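Written out below as structure tokens is the structure these notes cover.
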Amino acid sequence: MSAVIELKSVERHYLQGPRKLTILNGADFALKRAEMVALVAPSGAGKSTLLHTAGLLERPDGGDVVLSGRACGRLSDDERTAIRRNDIGFVYQFHHLLPEFTALENIMMPQLVRGLSRADAASRAEQLLEYMKIGKRAHHRPSELSGGEQQRVAIARAVANAPLVLLADEPTGNLDPVTASYVFDALEALVRQSGLAALIATHNHELAARMDRRVTLLDGKVVPLESIGHLA
Ligand code: ADP
């Protein structure tokens, strides 16, 4: 099956004073529909850089990011923003929910930005909250929710516009192991049911083992985690 998202020879460098740091160095990677891939690498290896580049938040310095066959590297900022809004969902380690709005409203927000009516956005948000098993918390604000519930809302918000790709940066990194496992159950069910393609950075080897495959970063390239032997 063809890839939903593809990184082709992606280069990413940062300047730190006079030094040029090479983070991605000809990175190739492809994700298929309904595929869940774990990104496991030490801190500083470039996981966030890879996720931000794949998610069109950062531009590659070389190579390209291809989404559903469309090369995105050289599109205008407006075009990239529109693609991000519709086709890419992000989940971060910290939920980044808007504190003054309820769980339901937080999930409605991206849909309203996209132009849906309030009724349609609310109905989809309710469905997603039920799906994430937190329907009863719909009218609570983030500060009234537990860490696990906050992350469930953040995941529901990330998929509110039915994106093609879900990119998650340590989505359970702030949670205790039991809560992390429950939140991951909900995330996994959502991915399997919706056909989303998901790339999930995690330090949790138990969760990584539940995904379809595991990759890591080595010398700026994406390689199978198992290929690096003892470090895996
Ligand atoms: P990870 O997510 O695996 O911890 P990052 O992608 O955040 O790794 O960072 C990889 C490396 O790139 C780190 O050494 C970090 O300091 C550096 N880096 C990340 N973003 C920037 C930036 N905007 N400017 C300079 N250096 C950066």
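Whatever order the structure lists ligands and atoms in, that order sets their numbers, starting from 1. Just so it is clear, the structure is predicted and the values come from calculations on it, not from any experiment. Residue numbers start at 1 and run along the sequence shown.
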Show me which atoms of ligand 1 lie under 4.0 Å from any heavy atom of S48.
1 (P), 2 (O), 6 (O), 7 (O)
Near E144 CD, under 6.0 Å, is it more than 12 heavy atoms from other residues, nucleotides or ligands?
yes
Considering only heavy atoms of S43, which atoms of ligand 1 have at least one such atom less than 4.0 Å away?
4 (O)
Are side-chain heavy atoms of D185 and R210 found at a separation under 4.5 Å?
yes
Where is the nearest protein heavy atom to atom 4 (O) of ligand 1: which residue, which atom, and how far?
G44 N, 2.7 Å
Out of L167, V191, L187, which residue meets the side-chain contact (heavy atoms from CB on, under 4.5 Å) rule with I200?
L187
shortest atom 11 (C) of ligand 1-to-protein heavy-atom contact is with I23 CD1, 3.4 Å
Measure centre to centre between the rings of F184 and Y182, then say whether the value is under 6.0 Å.
no
Taking NZ, NE, NH1 and NH2 as the nitrogens, is one of them in D77 or R59 under 4.0 Å from a carboxylate oxygen of the other?
yes
Check each of K47, E58, R12, E170 against atom 3 (O) of ligand 1 and report the one with the nearest heavy atom.
K47
Counting only non-hydrogen atoms of the protein, does one fall under 4.0 Å from atom 15 (C) of ligand 1?
no
Determine, using heavy atoms of A201 and all atoms of ligand 1, whether some pair is separated by less than 4.0 Å.
no
Sub-4.0 Å heavy-atom approach of A41 to ligand 1:
no
Looking at R141 and E100, is there a salt bridge between them, counting it only when a charged N and a carboxylate O are closer than 4.0 Å?
no
How far is atom 17 (C) of ligand 1 from its nearest protein heavy atom, and which residue and atom is that?
Y14 CD1, 3.8 Å
Are D212 and K32 within salt-bridge range, i.e. N to O under 4.0 Å?
no
Counting heavy atoms under 4.0 Å, the part of T49 that contacts ligand 1 is both
Under 3.5 Å between some N or O of ligand 1 and some N or O of L15?
no
Does S194 reach the main-chain N or O of L190 with its side chain, forming a donor-acceptor pair under 3.5 Å?
yes
Would you check whether L21 has a nitrogen or oxygen atom less than 3.5 angstrom from a nitrogen or oxygen atom of ligand 1?
no
Numbered atoms and elements of ligand 1 in range of G46, under 4.0 angstrom, heavy atoms:
1 (P), 3 (O), 5 (P), 6 (O), 8 (O), 10 (C)
